[in-house]
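Data block below; observations after.
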Number of protein chains: 2
Amino acid sequence: MNILEKITNELDTLSKSERKVAEVILASPSTVIHSSIAALAKQANISEPTVNRFCRRLDTKGYPDFKLHLAQSLANGTPYVNRHVDENDSAEEYTDKIFESTMASLELARKSLDANDVNRSVDLLTQANKISFFGLGASAIVAHDAQNKFFRFNVPVVYFDDILMQRMSAINSRQGDVVIVISHTGRTKSLVEVANLAKENDATVIGITTKGTPLAKECSIVLTVDVCEDTDLYMPMSSRIAQLALIDVLATGFTLRRGSKFRDNLKKVKDSLRSSRFEKKD
Amino acid sequence: MNILEKITNELDTLSKSERKVAEVILASPSTVIHSSIAALAKQANISEPTVNRFCRRLDTKGYPDFKLHLAQSLANGTPYVNRHVDENDSAEEYTDKIFESTMASLELARKSLDANDVNRSVDLLTQANKISFFGLGASAIVAHDAQNKFFRFNVPVVYFDDILMQRMSAINSRQGDVVIVISHTGRTKSLVEVANLAKENDATVIGITTKGTPLAKECSIVLTVDVCEDTDLYMPMSSRIAQLALIDVLATGFTLRRGSKFRDNLKKVKDSLRSSRFEKKD
DNA sequence: CTACATTATGAAATAAAATTTCATTTTTTC
DNA sequence: GAAAAAATGAAATTTTATTTCATAATGTAG
């Protein structure tokens, strides 16, 4: 999608003169969107038709259309590019990079999610007799968070981050129960086993994981949350945040399905916390 | 910044014909970026110079420049605008809205963060004798996650989501200990008390909260995480995700400060998990 | 190494699009 | 209700982009 990346990719399929154009554009894309075709041609020391041909090779209608695409790519301040933290980064630099990578991962995760699967999951959740969330490590936190949310809905919900409890709970599950198993890698043996146990006992198993993992194979529905491979280099970072956003989506879907009367209930839960807080002055 | 919002804002300062142009654009902005000035004029039943004047009134150089701005506004799917989930939204719609709001909140949170405070916090964390993370409710999850991360660094770290344990831990704290107290509202009485107790016992208290809250007043350093007011309407959503991103930032700062040898250690921790997982085939 | 074919390139012509100028219409103000 | 001010569009002009076509560069087969 991003035209700057596309230029970089196709750099070797371009002719010599066209590459000159590409280089000028990559060097300063923000200047280019305010240049005419003549100005750009001059800058790259080539002729105007070459610029035009360059644009068409990138599947745009012509120069103005190309500029439009370029403008769009620049609009989001290169968030797609996953900027890596560097040894010598200042606090400001690594802060920015982490926030940006996280946002980029959320964007990716959103694209990998299938709205139909979300819809079906919400269906199942609203009809469930019991909802269980299972995760380990960083995904345990996501399961914990999910419980915190669904608990407010006044439905039977549990979460376990202990292998044995998960197994016991899975074995005791039955038709009408929904078990949500969360694992970024989808390869954690004990969790895959738990998913299988739940399935064997006729529970509906929803997986929050990456596409095509062993865990995915055990699930009735897989909610795909793909994030950039190497954002989670030393420890889970973007993956768990994307999973949490998905929990928000499921919780929101749940409340929408239940109708407005139900949402008044949520307000009550929130209001019940008031006495434990200091008043807001304004 | 966003030109679509700008058009909406200035709608009443526009002349009759110019408003016609505005309406056509607002009705279908994505069509407009592929139309010539003549096509747009015809569509709005006005003349070409009127379109041109319209563009200039919005502080653009002319029609092509206007289209560039419009294209940029469309590029990020209006993420700045916090799109509210609506009663009748489809799964796809509310999924998109939640992801977008989350990203917008991260952007906001990043801006509200002070890199100096991050830097000082990392300083203190690397020198701490003991690190404690305290939170309740949704913030308990953030504290839990923080423990999960800092635990890998092989430093003394604890987390409590139980009021009594928090109090006891705070009372037992001493100089050289760092206590991180997490609360979006910053108004949870027991947490403010815990922060105060820790302070009284000479621990360094870092708050992860909103600006100017009672909790903020008890802290040595406040890591400000402001998110859009109403993303957390019925339950904490964006706020906790922004807090988690901040935990990532602190953890990253910590590893950077500790140098490359330390990072090999992290790899070992990660590798130690390998036997519990199914092999990746590719 | 040459002759032929293919591809790449730019000058000039053409076409398209946007802008300016200016006369006319509409609206406002007194 | 007349003069001034503002809004509007037709036509001319200017700017910008595209096409055509001749030439140059590169590659290929003999």
Side-chain angles (χ1 to χ4, degrees), chain A residues 3 6-74, chain B residues 3 6-74:
Chain A
I3 197 105
K6 194 168 184 179
I7 295 174
T8 316
N9 287 154
E10 308 224 336
L11 217 56
D12 27 285
T13 73
L14 297 174
S15 77
K16 211 187 333 176
S17 304
E18 283 167 352
R19 206 166 310 146
K20 281 190 203 168
V21 184
E23 276 156 18
V24 172
I25 294 167
L26 290 174
S28 176
S30 51
T31 317
V32 174
I33 59 171
H34 297 115
S35 311
S36 68
I37 192 167
L40 176 56
K42 197 174 170 192
Q43 182 90 25
N45 262 306
I46 44 80
S47 72
E48 300 177 26
T50 302
V51 175
N52 199 271
R53 282 187 286 260
F54 166 85
C55 297
R56 297 219 173 124
R57 202 178 291 269
L58 291 157
D59 299 316
T60 63
K61 285 184 184 176
Y63 184 67
D65 190 40
F66 168 79
K67 284 211 293 189
L68 243 45
H69 281 270
L70 190 58
Q72 294 200 316
S73 300
L74 292 176
Chain B
I3 196 106
K6 195 168 185 180
I7 296 174
T8 316
N9 285 155
E10 309 225 332
L11 217 57
D12 29 284
T13 72
L14 297 174
S15 76
K16 210 190 328 177
S17 303
E18 284 168 351
R19 204 166 311 146
K20 281 190 202 169
V21 183
E23 276 158 18
V24 171
I25 293 166
L26 290 173
S28 175
S30 51
T31 316
V32 174
I33 60 171
H34 297 115
S35 310
S36 68
I37 193 168
L40 176 56
K42 198 174 169 193
Q43 183 88 25
N45 262 305
I46 45 81
S47 73
E48 300 177 26
T50 302
V51 175
N52 199 272
R53 282 186 287 260
F54 166 85
C55 296
R56 296 218 173 122
R57 200 179 292 268
L58 291 157
D59 299 315
T60 63
K61 286 185 183 175
Y63 185 66
D65 189 42
F66 168 80
K67 284 210 294 187
L68 244 44
H69 282 268
L70 189 59
Q72 295 200 317
S73 300
L74 292 176

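So you know, we letter chains A, B, ... as the sequences are listed, proteins then strands, and number each from 1. Values below: all heavy atoms of this structure, side chains included; hydrogens, waters and symmetry mates excluded.
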Tell me the interatomic distance from B:Arg53, atom CZ, to C:dA18, atom C1', rounded to whole angstroms. 13 Å
Provide the closest heavy-atom pair for B:Leu70 versus B:Pro29 in the form atom of the first, atom of the second, distance. CD2-O, 3.8 Å
Would you say that B:His69 contacts B:Leu58 through its side chain, given a criterion of any heavy-atom pair below 4.5 Å between the two side chains? no
What integer distance in Å separates A:Asn52:CG from C:dA16:P? 14 Å
Compare all side-chain heavy atoms of A:Glu48 with those of A:Val51 and state whether any distance is below 4.5 angstrom. no
In numerical order, the residues of residues 31-39 of chain A whose heavy atoms come under 4.0 Å of DNA chain C are none
Atom CZ of A:Arg57 and atom C1' of C:dT9: how far apart are they, to the nearest Å? 12 Å
Between atom CD in A:Glu18 and atom C1' in C:dA8, what is the gap in whole Å? 8 Å
Please give, in whole Å, the distance from C:dT9 C1' to A:Lys20 NZ? 10 Å
Within the structure, does a side-chain N or O atom of B:Ser47 lie under 4.0 Å from either OP1 or OP2 of D:dT8? no
Checking side chain to side chain contact (heavy atoms under 4.5 Å, CB included) for the pair A:Thr50/A:Lys20: CA distance, chi angles, key distance, verdict? CA-CA 10 Å; A:Thr50 302; A:Lys20 281 190 203 168; over 6 Å; no
Specify the closest pair of heavy atoms between B:Thr60 and B:Cys55, including all atoms of both residues, with the distance to one decimal. OG1-O, 2.7 Å
Does A:Ser17 make a side-chain N or O approach to OP1 or OP2 of C:dT9 shorter than 4.0 Å? yes
Does A:Arg19 reach a base, just sugar-phosphate, or nothing at all? Heavy atoms under 4.0 Å. nothing
Apply side chain to side chain contact (heavy atoms under 4.5 Å, CB included) to A:Asp65 and A:Leu68, showing your working. CA-CA 5 Å; A:Asp65 190 40; A:Leu68 243 45; 4.3 Å; yes
Members of residues 59-68 of chain B that approach DNA chain C, where some heavy atom sits under 4.0 Å away: B:Gly62, B:Tyr63, B:Pro64
Polar-atom pairs under 3.5 Å, protein N or O versus N or O of nucleotides 24-29 of chain C: list them with distances, or write none.
from   : atom 1 : to      : atom 2 : distance (Å)
C:dT27 : OP1    : B:Lys16 : NZ     : 3.1

Is any side-chain heavy atom of B:Thr31 less than 4.5 Å from a side-chain heavy atom of B:Val24? no
Can you check whether B:Phe66 reaches B:Ile25 side chain to side chain, under 4.5 Å on heavy atoms? yes
Rounded (10°) bend between the five-pair end axes of the helix from C:dC1-D:dG30 to C:dC30-D:dG1: 30°
Rounded to the nearest Å, what distance is computed from the CG atom of residue A:Asn45 to the C1' atom of nucleotide C:dT9? 14 Å
Nearest atoms (heavy-atom pairs only) where B:Leu14 meets B:Arg57: CD2-CD, 3.4 Å
CD1 of B:Ile37 to NZ of B:Lys42, rounded to nearest 0.5 Å, is 15.0 Å
In whole angstroms, the gap separating P of C:dT9 from NZ of A:Lys42 amounts to 21 Å
Has B:Ser15 got a side-chain N or O lying under 4.0 Å from the OP1 or OP2 atom of D:dT8? yes
Is the phosphate of D:dT8 approached by B:Thr50 (side-chain N or O, under 4.0 Å from OP1 or OP2)? no
Using the side chain to side chain contact (heavy atoms under 4.5 Å, CB included) criterion, which residues pair with B:Pro64? Sequence neighbours excluded. none
Within the pair B:Arg56 and C:dT20, is there a side-chain N or O less than 4.0 Å away from OP1 or OP2? yes
Could you pull out all residues at least two apart from A:Tyr63 that satisfy ring pair (Phe, Tyr, Trp, His ring centres under 6.0 Å)? none
Could you tell me how far apart B:Glu48 (CD) and C:dA17 (C1') are, to the nearest whole angstrom? 8 Å
